[in-house]
Amino acid sequence: MPKVSTDAKKIDWLLNRAVENVYPSKAEVKKLLQKGERLTVYFGIDPTGPTLHLGHFINFRRLALFQELGHKVILLIGDFTATIGDPTDKAAVRKPLTREEVLANCKLYKDQAAQVLDFKGSNAVELKFNSEWLGKMNFADVLDLASHFTVQQMLERDMFQTRLKDGKPIHVHEFMYPLMQGYDSVAMDVDGEVGGNDQTFNMLAGRTLMKQLKNKDKFVITNELLVDPTGKKMGKSEGNMIALTDAPEDMYGKVMSWTDGMIVPGFRLCTDASDEEIKKIETAMKKGENPMTYKRDLAKRVVAWLVGEKEADQAAEHFTNVHQKHATPDEIPELKVKDRMSLVDALVASGLCSSKSDARRQIEQGGVKVDDEVVKDPNTNVRKGFVIQKGKRHFVKLV
RNA sequence: GGGCAGAUACCCAAGCGGUCAACGGGGACAGACUGUAAAUCUGUUGGCUCCGGCCUUCGAAGGUUCGAAUCCUUCUCUGCCCA
């Protein structure tokens, strides 16, 4: 049995760094952690996509620290839940995945998570699947679970309210999701859970069930979400959420494309920078210092964290060359061609443009370069050896 | 079960017999500018084209009409109200 540490600094970090809320309260959880008893904490992943992303890793950071302190950490794969479809944060119903899809997605998670969590040793992170208990429940069990909540409680959720207001459908099975997630806590008999702020409702359902079924006060720590504080752009644009399978240059680039307002939250959520350091950055930018410098620093740290130092350096260099100096990148995608073909066809064949019409438009608007020269005639022909560029950052070489 | 509304491009959302490939917003792409792929401004955003046009789209299938996203019928799905 690993020894449990009560390191004040670490506990402080756990409860404050990038934390949105702590239930029942920071003070109580702090007291609990200071007792030095070994606790069980978990984080649930909804296996709807094939890869983990930055959002998961933000939670892993907190888990890793729990692990470091000697607590038992469970990584739960919501393989059962994913077949139902989680309504969280979606205006519409998410379509359920098939079992096969879910299992395929799960496959790589462990490897990806191993980047920051320890799956070996005496205090290894335990991987669990909620189909283990949820798959065994019968209708009577489900009814019993459901009896612990009221429809009004379910409807409290923001997004249900929104949908009601907008006249959008709310399906009955969507009420089941918090129940299932809540029951996970009971089945694993955990002491606490961490998760994104957007999961608060589901996690609190677990608290309710835990109290009623096991008379246990499960704690919940919710993370800040990585969004622009002005709320302007990020809410829905998870499009530039960084996936673990992204190339390091892409990760770097995605951070650079975050709005300036995300720099400070980014440091708080994704780096080990001390609070003082972050404060300094904040004031410096307020005084008018170029945010780009800090964003580049952040981008590099994020890549280093997710992939490695070396890759981070390379990604930074790549960015300087391609985006700031506008140099042609060293490695550009290649397209095999017979000999000569029309520029339009080449653009479509390489995937740079989605259709011939699109290609023509791009050319006519001056968005296409061949061997560094803007080409405005859509009837231009190209042949082997030419480098075609669309916009600032899309290249293809004909070979 | 009854009544009433609705289904439009990637998303939201106008249009309600011809001038509709379909207003506007978001997103995306491009251009200018810059501090970067930020912000701002501008343009583009169904497909094909011998650049004359041609073809396919407005929940589905039929119908009326010289002509339909627009009118009619049936069907599917959704919301609201009543029971």
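What you see is a predicted model; the values in this text were computed from it and never measured. To find a chain, count down the sequence lines: A is the first, B the second, and so on, and within it residues start at 1.
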Apply side-chain hydrogen bond (donor to acceptor under 3.5 Å, both in side chains) to the pair A:T293 and A:N290, showing each step before the final yes or no. CA-CA 6 Å; A:T293 327; A:N290 189 344; 4.7 Å; no
Sticking with atom [atom1], work out how far [N] lies from [M], rounded to a whole angstrom.
| N | M | atom1 | result |
| --- | --- | --- | --- |
| B:A38 | B:C33 | C1' | 13 Å |
| B:U56 | B:A5 | P | 33 Å |
| B:G25 | B:U40 | P | 14 Å |
| B:U8 | B:A69 | C1' | 7 Å |
| B:U64 | B:U73 | P | 15 Å |
| B:G18 | B:C82 | C1' | 42 Å |
| B:U76 | B:U42 | C1' | 44 Å |
| B:C55 | B:G67 | P | 15 Å |

Is the glycosidic angle of B:G15 within 90° of 0, making it syn, or outside that range, making it anti?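 Glycosidic conformation of B:G15: anti.
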Nearest whole Å is fine: how far is [N] [atom2] from [X] [atom1]?
| X | N | atom1 | atom2 | answer |
| --- | --- | --- | --- | --- |
| A:E317 | B:U36 | CD | P | 17 Å |
| A:I170 | B:C80 | CD1 | C1' | 13 Å |
| A:F319 | B:A38 | CZ | P | 9 Å |
| A:M256 | B:U34 | CE | P | 17 Å |
| A:M292 | B:A39 | CE | P | 16 Å |
| A:K168 | B:C12 | NZ | P | 7 Å |
| A:Q389 | B:A37 | CD | P | 12 Å |
| A:M262 | B:A39 | CE | P | 12 Å |

Taking any strand in view, what nucleotide pairs with [N] in a Watson-Crick or G-U wobble way, both distances under 3.5 Å?
| N | value |
| --- | --- |
| B:G1 | B:C82 |
| B:G67 | none |
| B:A30 | B:U42 |
| B:C75 | B:G59 |
| B:A9 | none |

Could you write nucleotides 42-49 of chain B as a row of B, S and -, 5' to 3', where a protein heavy atom under 4.0 Å of any base atom gives B, of only sugar-phosphate atoms gives S, and otherwise -? -BSS-SBB
Would you say the side-chain atoms of A:K390 pair up with the backbone N or O of A:L352, donor to acceptor, closer than 3.5 Å?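 Answer holds: yes.
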Taking A:D371 for its side chain and A:V387 for its backbone only, find out whether a donor-acceptor pair lies under 3.5 Å.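 Checking the backbone N and O of A:V387 against the side chain of A:D371, a donor-acceptor pair under 3.5 Å is found.
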So if I take every side-chain heavy atom of A:P169 and compare against B:G79, B:A30, B:A38, which nucleotide ends up nearest?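 Nearest to the side-chain atoms of A:P169, counting from C-beta on, is B:G79.
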Counting heavy atoms from C-beta on, name the nucleotide in B:C33, B:G35, B:A30 closest to the side chain of A:P291.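 Among B:C33, B:G35, B:A30, the one nearest the side chain of A:P291 is B:G35.
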Do A:R38 and A:N123 have side-chain N/O donor and acceptor atoms under 3.5 Å apart?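 A pair is found: one side chain offers a donor N or O, the other an acceptor, under 3.5 Å apart.
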Closest-nucleotide 5' rank along RNA chain B - winner of A:G253 and A:G366: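 Upstream on the strand: A:G366.
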Is there a side-chain contact between A:M251 and A:V307 (heavy atoms, below 4.5 Å)?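 They are in contact (side-chain heavy atoms under 4.5 Å apart), so the answer is yes.
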Report yes if the side chains of A:R383 and A:L398 come closer than 4.5 Å at any heavy-atom pair, otherwise no.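 No, their side chains stay 4.5 Å or more apart.
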Hey, can you tell me if A:Y109 and A:H56 have their rings parallel, tilted or perpendicular (30° and 60° cut-offs)?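 Judged by the thresholds at 30° and 60°, the geometry between A:Y109 and A:H56 is tilted.
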Which part of the nucleic acid, if any, lies within reach of A:K295 when heavy atoms closer than 4.0 Å are counted: base, sugar-phosphate only, or nothing?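 Contact class for A:K295: base.
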Out of A:R296, A:Q314, A:K300, A:E311, which one pairs with A:Y252 under the side chain to side chain donor-acceptor pair (under 3.5 Å) rule?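 Single pass found, and it is A:R296.
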Given the rule that I, L, V, M, F, W and Y join up when any side-chain heavy atoms are under 4.5 Å apart, are A:L306 and A:L52 in one cluster?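 Yes, one cluster joins them.
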